[in-house]
Amino acid sequence: MDYGKERVIALVDMDCFYVQVEQRLNPELKNKPCVVAQYKTWKGGGIIAVSYEARAHGVTRNMWADDAKKLCPELQVARVRESHGKADLTVYRNASVEVIKVMSRYAVIEKASIDEAYMDLTATVQERLKDMEDRQVQLDLLKTTYVQGFPQTTEGHLDGLDKEVQRSLGVQEWLGSLCCSPGSDSPELRLAIGALIVEEMRAGVEKETGFRCSAGISHNKVLAKLACGLNKPNRQTILPLGSVPELFRSLPVSKIRNLGGKLGSSIVEGLEVENIGEVTQFTQAQLTQRFGDKTGQWLFDLCRGIDFEPVKPRQLPKSIGCSKNFPGRAALVTTAQVQNWLHQLALELEERLSEEREMNGRVAKLLTVGVRQAGDSRACSFSRCCALARYEATKIASDALAIIKSLNTAGSHQAASPPLTLLLLSASKFSEAPGASSGCMASFLSSDINTKQKVPTCDAKGDATPRRAATIQSLLHRAAEKRERTETQKQSSPLKQRPLLLSGKKQERTETQKQSSPLKRPPLLLSGEKQEKTETQKQSSPLKQPPVLLSGEKQERTETQKQSSPLKWPPLLFSGEKQERTETQKQTSSSSQVAARLQLRVRQVTPDSVTSKLVKRCAGDWHLPPPEHRLAGL
DNA sequence: CTTGGGCTTTTCA
DNA sequence: TTGAAAAGC
Ligand SMILES: Nc1ccn([C@H]2C[C@H](O)[C@@H](COP(=O)(O)OP(=O)(O)OP(=O)(O)O)O2)c(=O)n1
Ligand SMILES: [Mg+2]
């Protein structure tokens, strides 16, 4: 088997997904320039999905709806529903489940996002090949398929031709180049069979859900993803490895999945290349030296179109979370505000967790709480977790509040906390729900068996199981997921962590972004100096967290973090706090005070026990509201 | 005061 | 195991 051509991998991605969901709900929106926006008050709301008709007018995601209307006056704007005072994505999640269920009839899939899934079709293709007398793939079974790199054009012969004519010529030419004598096999023939299956799957998805999608078919996930985008919407694209060199010669590095961020920029700048194909000029040693073993090797293969990341059999999420931003003047200042919003988030979380228990027989055991403080450019200023024992919004909210208080006050009574610009609750560490019936054989047998896959033995102690109806595909998935878990971890994605060392200049910028005070490293506060520690806090040994890291610096793993002693939970409110600050405490002026803050660094925060260590963390210059407007007690 | 928002997964130390 | 960060939809 040719190196890098071992598998047949497909990626299916829904076209302007949220828009299609809204169009199905309101058919008047069909075939019109249309967007989905969330919230209304600020500039008409932010656009998160755009129909292809609207794209033709230059409308894009991240635009304000008001601005988009200027580009396209007839633009239809569908609104994300709101519940508990926040955007509610339920209808899109449910639509996603519909789609995934249909796709799972055709293959074991990895749900990669709300609207896309990967599938490894290698085994299915082999099966289909075995049954094929005639190894001729019919052109008319690939009605929506493109083959990248075909038709091969030497001059400008094809320039004037209709796009559909070119597509068809390309498929014909490519099919003709494959050996199709009985018993023949080749990686390219297998891609063609894969494309056949994906044509069927996509037709099935549209028939069952009404939603259209595009797909890429190739030998690995990166190429499949790339191929999918080449002929959107409502089309699929085969990307043979032989077409990669020409494609990669002029493909910007950032177009490759995983290279759209800092790593990609560092490749472009560090190697002085623009296109991914240019990376082939560097030796393996050069790449590993610059980017580390794992990333270097991945990159060496990738720039040749080779990638071994496995498709992970998983169609259920690993975490369920909700969050809300409070930008600018909306930042939360009082305990009552924080309490209230935590409760709203907890209500939604409880609903979704209960639904998950009902539908999939799984319960989450870990609650993660996160916040962002005003002035912090990071997505999350800090997060801590605690046990999630019961699905009760009130309890979830109060645990979350306790965590936030413990972190924010850290016993520093006088140094006020900055307002909060983000609250986040997330539940994870799912396990089988008590009382969930395992492996529902009745529904397994009764569900329509469309697929000719080898059905793995469905042992009684499978995965978490739905209480309603188990579909064959979900059972197949559970078996596949279980298999996967027991196998050795195969990993091959290059998500690189600490920014790469390139030149010193970039790194200063990185630091500046993190801390609002540039150039100056904020002084470390000694934890003992300005604060009274509670009993429990005193037991913890202070842990020095390195000052803001320069990107290249090595972060020291501190020793004592693992030792944890059970501690008593500090009181929720400090005696001095005024509970009710009802009037809307808008931050009136930009009175900037320099305030260093202390943070508690806590491992495993539970309502009953605070385990672990106190850590000093330093802040830059903080812009604080006048004292009377501060978030007392937080 | 940094303001597209609300998500999810993976990697690293 | 945890929390931060990266990358993505
Ligand atoms: N930053 C983003 C990106 C996407 N989405 C949502 C809305 C999209 O409809 C859906 C799928 O994302 P895609 O990137 O696949 O974009 P679309 O499906 O909308 O369009 P395309 O046809 O390009 O796939 O996820 C989102 O909420 N926020
Ligand atoms: Mg999509």
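If you're wondering where the values come from, they're calculated on a predicted model, not measured in any experiment. Worth knowing before you read on, the calculation uses all heavy atoms, side chains too, and leaves out hydrogens, waters and symmetry mates. Just so we're on the same page: letters track the sequence lines, and every chain starts at 1.
- In terms of phosphate contacts, K429(A) brings a side-chain nitrogen or oxygen within less than 4.0 Å of OP1 or OP2 of dT2(C).
- Checked against dC9(C), dC7(B), dG5(B), the side chain of S113(A) finds its nearest nucleotide in dC9(C).
- Shown here are the side-chain hydrogen bond (donor to acceptor under 3.5 Å, both in side chains) partners of R257(A), two or more places apart in sequence or in another chain: Y118(A), E309(A).
- Y39(A) has a side-chain polar atom (N or O) that falls below the 4.0 Å cut-off from OP1 or OP2 of dG6(B).
- Whole-Å rounding puts the K86(A) NZ to dC7(B) P distance at 4 Å.
- Rounded to whole angstrom, the span from the CZ atom of R384(A) across to the C1' atom of dT2(C) amounts to 9 Å.
- Between R93(A) and dC7(B) there is a side-chain polar atom (N or O) within less than 4.0 angstrom of OP1 or OP2.
- Using a 4.0 Å heavy-atom distance criterion, I256(A) is classed as a sugar-phosphate-only contact.
- For the pair L349(A) CG and dC7(B) P, the interatomic distance rounds to 10 Å; values are reported in whole Å.
- Distance I404(A) CD1 to dG3(C) P: 14 Å, rounded to the nearest Å.
- Closest to the side chain of K262(A), out of dA6(C), dG6(B), dA4(C), is dA6(C).
- When the nucleotides dA7(C), dC7(B), dA5(C) are ranked by their closest atom to the side chain of R378(A), dA5(C) comes out on top.
- When distances run from any side-chain atom of L366(A) to the nucleotides dT2(C), dA7(C), dC12(B), the shortest one goes to dT2(C).
- Atom C1' of nucleotide dG5(B) and atom CD1 of I47(A) are separated by 13 Å, given to the nearest angstrom.
- For R314(A), the listed nucleotide lying nearest its side chain is dT9(B); candidates were dT9(B), dG8(C), dA7(C).
- In this structure, CG of L425(A) is placed 12 Å from P of dT8(B), rounded to the nearest angstrom.
- With no hydrogens or angles considered, a side-chain donor-acceptor pair links D376(A) and S381(A) at under 3.5 Å.
- Projected onto DNA chain B by closest heavy-atom contact, A112(A) and R372(A) fall at different nucleotides, the more 5' of which corresponds to R372(A).
- Annotation for A117(A) and M103(A): closest pair CB-CE, 3.3 Å, computed over non-hydrogen atoms.
- Minimum atom distance to the side chain of N325(A) is reached by dG5(B), of the listed dG5(B), dA4(C), dT11(B).
- Side-chain proximity of L89(A) to dT9(B), dG6(B), dT2(C): nearest is dG6(B).
- Using a 4.0 Å cut-off, some side-chain N or O of S383(A) falls inside it from OP1 or OP2 of dA4(C).
- Looking only at atom types and distance, the side chain of T288(A) has no donor-acceptor partner in the side chain of D293(A) under 3.5 Å away.
- Neither OP1 nor OP2 of dG5(B) sits under 4.0 Å from any side-chain N or O of K324(A).
- With sequence neighbours left out, the salt bridge (Lys or Arg N to Asp or Glu O under 4.0 Å) criterion links R61(A) to no other residue.
- Atom NZ of K312(A) is separated from atom C1' of dT11(B) by 12 Å (rounded to the nearest Å).
- Residue K225(A) places at least one side-chain N or O closer than 4.0 Å to OP1 or OP2 of dC9(C).
- Under the 4.0 Å criterion applied to side-chain N and carboxylate O atoms, R81(A) and E22(A) are assigned as salt-bridge partners.
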Using the side chain to side chain contact (heavy atoms under 4.5 Å, CB included) rule, take V97(A) and R93(A) through it: C-alpha gap first, then chi angles, then the decisive distance, then the call. CA-CA 6 Å; V97(A) 169; R93(A) 289 195 189 96; 5.8 Å; no

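- Between T237(A) and K232(A), the side chains place no donor N or O within less than 3.5 Å of an acceptor N or O (distance only, hydrogens not considered).
- Candidate nucleotides dT9(B), dC7(B), dC9(C) were compared by shortest atom distance to the side chain of K318(A), and dT9(B) ranks first.
- Residue S319(A) places at least one side-chain N or O closer than 4.0 Å to OP1 or OP2 of dT9(B).
- Taking the P atom of each, dT10(B) and dT1(C) are spaced 16 Å apart, rounded to whole Å.
- Put simply, CG on L259(A) is 7 Å from P on dG8(C), counting in whole angstrom units.
- Of the candidate nucleotides dG5(B), dA6(C), dT8(B), dG5(B) has the atom nearest to the side chain of I48(A).
- In the model, R372(A) has a side-chain atom that pairs as donor or acceptor with a side-chain atom of T421(A) under 3.5 Å.
- The stretch residues 59-71 of chain A touches DNA chain B through N62(A), W64(A), each having a heavy atom under 4.0 angstrom from the strand.
- The shortest distance between the side-chain N/O atoms of N258(A) and the OP1/OP2 oxygens of dA6(C) is not below 4.0 Å.
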